[in-house]
Amino acid sequence: NRKLRDHDLRLWYGLRRHSQINRESARGILRGRPSGGDQRRLSRAVIPIAVPVLLRNSVHRFGWIARIAHWTTVALVVIVFIDISGLDVPPKLARREAVVAFHVSLGAVVLLLMLGRLGWRLSNPNPVRAWNLSPGHRTFAISVHRLMYVVVIGLCLCGIFAVIAGGAPFEVFGLRLVAPAMTAHATAHALALDVHARLASVLLIMIAAHATTAVVNQVFAGDEPRAQ
C-alpha cells in the first residue's frame, strides 16, 4: 500500500518533474508544509490536472460518497430545525399540520440516510485513525462521531414513534406507510415527544462542538484534509 500511497501523492499534485520530489517531500506538500527547495520546484512543476476521485474511503481520507452523504445530512438537519422552529407562533401556527407533516417526512429521509451512512461506514476504513492526532484526541473524535449517529437515529425514531403513538398516520411526503392507530396512547406520545425534544437539544450542542473541533483541527493541527 506504500507504493500506492506514493503514486497517489504524485498523482494528486500532477508533478511534471515528480522524480525531483521524493515521497517525504510530497507528503509535506500535501500537508501544506513544503520545504524551501520544494517550494521552488513547485513553482514550475505543479500542474493541477490529476485529482484522484475516491468513491470509497481510503486509509487516509474519506471518499466522495461519504463526503456527499455527510453534507447532505448536514443540509437536511439544518432544514429540519429551521422548518420546525416557531411552530406555535404565526405564521406557522396557521399551517401547523402541514409543517409537522413536512418535518416528519424530512425526519424519515434523514433516518434512511443515516442508516445508509452507518452501513457505508462499517464497510469502509475510518480515515480518522490515520490522522495526526494524539491517541486521546483520536479516541474522543471517533467516540463523539459515533454518539452523533446514535443521537440522530434515536431522534428520528422517537419522532416517528410519537406520531404513531399519537394516533396519526405515518406518512412520508403523502405516502402512507403506517395506518392511524385505533386508539391514541397519550402517555407514550408525550414521553416520545419529550425524549425527541431533549435529543434535539443534545444534537445542537454536539453539532456546535463537532464544528468547532473540526475548525480547530483544520486551522491549528495541520492535519490532512478531511470530511466526515
What is the distance from atom [atom1] of [X] to atom [atom2] of [Y], rounded to the nearest 0.5 Å?
{"X": "Ile68", "Y": "His70", "atom1": "CD1", "atom2": "NE2", "result": "12.0 Å"}
{"X": "Arg61", "Y": "Arg67", "atom1": "CZ", "atom2": "CZ", "result": "7.5 Å"}
{"X": "His189", "Y": "Ile164", "atom1": "NE2", "atom2": "CD1", "result": "12.0 Å"}

Salt bridge (Lys or Arg N to Asp or Glu O under 4.0 Å): pairs with one or both residues in [range], sequence neighbours excluded:
{"range": "residues 157-181", "value": "Glu171-Arg176"}
{"range": "residues 122-139", "value": "none"}
{"range": "residues 189-211", "value": "Asp194-Arg198"}

Are [X] and [Y] connected, step by step, through hydrophobic side chains (Ile, Leu, Val, Met, Phe, Trp, Tyr) whose heavy atoms are closer than 4.5 Å?
{"X": "Leu112", "Y": "Leu118", "result": "no"}
{"X": "Leu175", "Y": "Phe173", "result": "yes"}
{"X": "Leu204", "Y": "Leu193", "result": "no"}
{"X": "Leu147", "Y": "Val202", "result": "yes"}
{"X": "Leu122", "Y": "Leu113", "result": "yes"}

Handout entry: Pairs where residues 72-87 contributes a residue and the test side chain to side chain donor-acceptor pair (under 3.5 Å) is met, not counting sequence neighbours
Key = Thr73-Arg117
Exercise for the section: Using the side chain to side chain donor-acceptor pair (under 3.5 Å) rule, collect all pairs that involve residues 152-167, keeping only residues at least two apart or in two chains. Expected result: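 Counting only pairs at least two positions apart or across chains, no side chain to side chain donor-acceptor pair (under 3.5 Å) contact touches residues 152-167.
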Handout entry: Pairwise ring-ring contact (aromatic ring centres under 6.0 Å, His included) hits with a residue in residues 146-172, at least two apart
Key = His145-Tyr149
Determine the minimum heavy-atom distance between [X] and [Y], stating which atoms define it.
{"X": "Val152", "Y": "Met114", "answer": "CG1-CG, 3.5 Å"}
{"X": "Val163", "Y": "Pro169", "answer": "CG1-O, 3.6 Å"}
{"X": "Met206", "Y": "Val151", "answer": "SD-CG2, 3.9 Å"}
{"X": "Ala130", "Y": "Val59", "answer": "CB-O, 3.3 Å"}
{"X": "Cys158", "Y": "Ala192", "answer": "O-CB, 3.7 Å"}

Residues which pass side chain to side chain contact (heavy atoms under 4.5 Å, CB included) with [X], listed by chain and number, not counting sequence neighbours:
{"X": "Asn57", "result": "Phe62, Ala66, Trp120, Asn124, Pro125, Pro127"}
{"X": "Ser134", "result": "His137"}
{"X": "Leu111", "result": "Leu115, Ile153, Cys156, Leu157, Ile160"}

Name each donor-acceptor pair under 3.5 Å that joins a side chain in residues 94-104 to protein atoms two or more places apart or in another chain, with its distance.
| residue | atom | partner | partner atom | Å |
| --- | --- | --- | --- | --- |
| Arg96 | NE | Asp88 | OD1 | 3.0 |
| Arg96 | NH2 | Asp88 | OD1 | 3.3 |

Exercise for the section: Without swapping roles, check the side chain of His196 against the backbone of Leu155 for a donor-acceptor pair under 3.5 Å. Expected result: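 Yes, His196 side chain to Leu155 backbone: donor-acceptor pair under 3.5 Å.
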Problem - Heavy-atom side-chain proximity of Ile207 to Val77 below 4.5 angstrom - result: yes
